[in-house]
Peer 1: 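Quick one: the structure is below, questions incoming.
The chain is numbered in sequence order, starting from 1. When reading the values below, keep in mind they use all heavy atoms of this one structure, side chains included, and skip hydrogens, waters and symmetry mates. Order of appearance sets the numbers: ligands from 1, and atoms from 1 within every ligand.
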Amino acid sequence: MGRVIEYHDEIDSTNIRAKKWAKENGKEGNVVLAEYQSAGKGRLGREWLSPKGNGIWMSIILKPQLETNKIPQLTLVAGFCMCKAIRSITGLDAKIKWPNDIIVNNKKVCGVLTEMNINAQGIQNVVVGVGVNVNNERLDHRLPHATSLALESGKNYDREAIIEEFLTVFEEHYEKYKEKKDLSFFLEAYKAYCVNLNKEIKILKENKEYIAYAEEIGTDGTLIVKNLEGNRETIFTGEVSVRGLYGYV
Ligand code: BT5
């Protein structure tokens, strides 16, 4: 991971660039980094604000031989690895908000967006995009639930050190995931960092909102909840957002 890095001062979105590169001659493990994204993307068509000079805006090209239903879990693998990297470089008590947020003191510092390109032959490539607010002194007023590593610790960090740590940990977990094809080899550690497990949560799905109790995370990365009628439901990553009952977490 990251032996070849393409660096941009400015780009629309590192995910868009990585998808294009992957279609041309981009190889597994190639990384796109940008100092600023003018059209950074979140999930479900949302925007990811990517100001200049203080964040990590990074996309990794992957070419796994996996079934399509094994790809969304890479969001959890990458989120877990970034959570670990942030913890080891900064000492901050970073946690995971299932499925794709890393939070510090209940505010979002990082999001992950996994996209795949499939055709009749199967998966052509996958791009895992990771955004981290690192040295921001303030966050945009439109982001009341966001923070940066610097704001939470009062210190600035070397972004390269975080990227290096992340890529090292991610390579190891990605290789293992391809071999095992489920998350069981780190699920206990994931759950230990996960803030929305064993809690009542609000599920936002296709403009509907309902409350349920988050009981378990499956080895396939799904969230298993019990709704107010007492029925169990399996929630897949990608199609939902999850909130706390009284706030973001
Ligand atoms: C995500 O989506 O959290 C995925 C973010 C992935 C960003 C990376 S950066 C490198 C790569 N290239 C891209 O174009 N994207 C990836 P989602 O869960 O949908 O959260 C999006 C929501 O987070 C937005 O609607 C805002 O409310 C909030 N948000 C936007 N920018 C933020 C920021 N910088 N920090 C924290 N929250 C933000």
Peer 1: Heavy-atom distances under 4.0 Å decide this one: backbone, side chain, both or neither, for Met58 against ligand 1?
Peer 2: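 For Met58, only backbone atoms sit under 4.0 Å from ligand 1.
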Peer 1: What do we get for Ser50 next to ligand 1 when only non-hydrogen atoms under 4.0 Å count, side chain, backbone, both or neither?
Peer 2: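 It is neither part, as no heavy atom is under 4.0 Å.
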Peer 1: Using a 4.0 Å cut-off to any heavy atom of Thr14, which atoms of ligand 1 qualify?
Peer 2: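 Per the distance check, 10 (C), 11 (C), 12 (N).
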Peer 1: When you compare ligand 1 with Trp57, is there at least one nitrogen or oxygen pair between them that comes in under 3.5 angstrom?
Peer 2: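 So ligand 1 has no N or O lying under 3.5 Å from an N or O of Trp57.
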Peer 1: Between Asn227 (side chain) and Gly230 (backbone), is there a donor-acceptor pair under 3.5 Å?
Peer 2: yes
Peer 1: Can you tell me how the ring of Phe185 sits relative to the ring of His173, calling it parallel under 30°, perpendicular over 60° and tilted otherwise?
Peer 2: tilted
Peer 1: Under 4.0 Å, heavy atoms only, figure out whether ligand 1 is touched by the backbone of Asn133, its side chain, both or neither.
Peer 2: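 It is the side chain that gets close, since no backbone atom is under 4.0 Å.
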Peer 1: Return the residue, atom name and 0.1 Å-rounded distance of the protein heavy atom closest to atom 2 (O) of ligand 1.
Peer 2: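 Looking only at protein heavy atoms, the one closest to atom 2 (O) of ligand 1 is Arg43 N, 3.1 Å.
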Peer 1: Among protein heavy atoms, which lies nearest atom 20 (O) of ligand 1, and at what distance?
Peer 2: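 Protein heavy atom with the smallest distance to atom 20 (O) of ligand 1: Lys108 NZ, 3.0 Å.
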Peer 1: Could you go through Tyr210 and Glu233, starting from their C-alpha distance and side-chain angles, then the distance that decides it, and tell me whether this counts as side chain to side chain donor-acceptor pair (under 3.5 Å)?
Peer 2: CA-CA 12 Å; Tyr210 62 100; Glu233 259 183 70; 2.8 Å; yes
Peer 1: Among all protein heavy atoms in this structure, tell me which lies nearest to atom 36 (C) of ligand 1, with the distance rounded to 0.1 Å.
Peer 2: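 Atom 36 (C) of ligand 1 sits closest to the protein heavy atom Ala146 CB, 3.3 Å.
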Peer 1: Go through the steps to decide whether Asn15 and Ser13 satisfy the test side chain to side chain donor-acceptor pair (under 3.5 Å), and finish with yes or no.
Peer 2: CA-CA 5 Å; Asn15 264 38; Ser13 150; 5.2 Å; no
Peer 1: Considering only heavy atoms of Val112, which atoms of ligand 1 have at least one such atom less than 4.0 Å away?
Peer 2: 4 (C)
Peer 1: If you measure from atom 8 (C) of ligand 1 to every heavy atom of Gly131, Ser59, Gly79, Cys110, which option wins on shortest distance?
Peer 2: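 Looking at heavy atoms only, Gly131 sits closest to atom 8 (C) of ligand 1.
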Peer 1: Run the side chain to side chain donor-acceptor pair (under 3.5 Å) test on Glu152 and Asn105 for me, step by step, so that the C-alpha distance in whole Å, both residues' side-chain angles and the decisive distance to 0.1 Å come before the verdict.
Peer 2: CA-CA 8 Å; Glu152 296 309 311; Asn105 298 328; 2.6 Å; yes
Peer 1: Check each atom of ligand 1 against the heavy atoms of Lys41 and keep those under 4.0 Å away; list them by number with element.
Peer 2: 5 (C), 6 (C), 7 (C), 13 (C), 14 (O), 15 (N), 16 (C)
Peer 1: Can you check whether Gly221's main-chain N or O pairs, donor with acceptor, with Trp98's side chain at less than 3.5 Å?
Peer 2: yes
Peer 1: I need the nearest protein heavy-atom contact for atom 34 (N) of ligand 1: residue, atom name and distance, please.
Peer 2: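 Of the protein heavy atoms, Leu49 O, 2.8 Å lies nearest.
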Peer 1: Looking only at protein heavy atoms, which one is nearest to atom 24 (C) of ligand 1, and what is the separation?
Peer 2: Glu47 O, 3.4 Å
Peer 1: State, without any angle test, whether Glu10 and Ser38 hold a side-chain donor-acceptor pair at a distance under 3.5 Å.
Peer 2: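 Checked: Glu10/Ser38 side chains show no N/O donor-acceptor pair below 3.5 Å.
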Peer 1: Looking only at side chains, do Tyr248 and Asp101 share a donor and an acceptor under 3.5 Å apart?
Peer 2: yes
Peer 1: Give me the nearest non-hydrogen protein atom to atom 5 (C) of ligand 1 as residue plus atom name, then the distance to 0.1 Å.
Peer 2: Trp48 CE3, 3.4 Å
Peer 1: In the protein, what heavy atom is nearest to atom 25 (O) of ligand 1, and what distance, to one decimal place, separates them?
Peer 2: Arg46 CD, 3.3 Å
Peer 1: Heavy atoms only: which of Lys107, Glu115, Gln37, Arg142 lies closest to atom 9 (S) of ligand 1?
Peer 2: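 The option holding the nearest heavy atom is Gln37.
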Peer 1: Starting from atom 27 (O) of ligand 1, locate the nearest protein heavy atom and write down its residue, its atom name and how far away it is, to 0.1 Å.
Peer 2: Leu143 CD2, 4.0 Å
Peer 1: Pull out every atom of ligand 1 sitting under 4.0 Å from any heavy atom of Gly40, numbered as shown with elements.
Peer 2: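 With Gly40 as reference, the close atoms of ligand 1 come out as 14 (O).
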Peer 1: Can you tell which of Lys27, Arg17, Lys20 makes a salt bridge (Lys or Arg N to Asp or Glu O under 4.0 Å) with Glu6?
Peer 2: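 Among Lys27, Arg17, Lys20, the one that satisfies the salt bridge (Lys or Arg N to Asp or Glu O under 4.0 Å) with Glu6 is Arg17.
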Peer 1: Does even one non-hydrogen atom of Asn100 get within less than 4.0 Å of ligand 1?
Peer 2: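 It does, in that a heavy atom of Asn100 comes within the 4.0 Å cut-off of ligand 1.
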Peer 1: Would you sort out whether Tyr174 and Glu28 count as a side chain to side chain donor-acceptor pair (under 3.5 Å), showing the intermediate values?
Peer 2: CA-CA 11 Å; Tyr174 172 66; Glu28 169 141 298; 2.8 Å; yes
Peer 1: For Ser88 and Glu165: C-alpha separation, side-chain torsions, deciding distance, then whether side chain to side chain contact (heavy atoms under 4.5 Å, CB included) applies.
Peer 2: CA-CA 8 Å; Ser88 68; Glu165 178 68 15; 3.3 Å; yes
Peer 1: Nearest 0.5 Å, please: how far is CG in Asp158 from CD in Glu164?
Peer 2: 9.0 Å
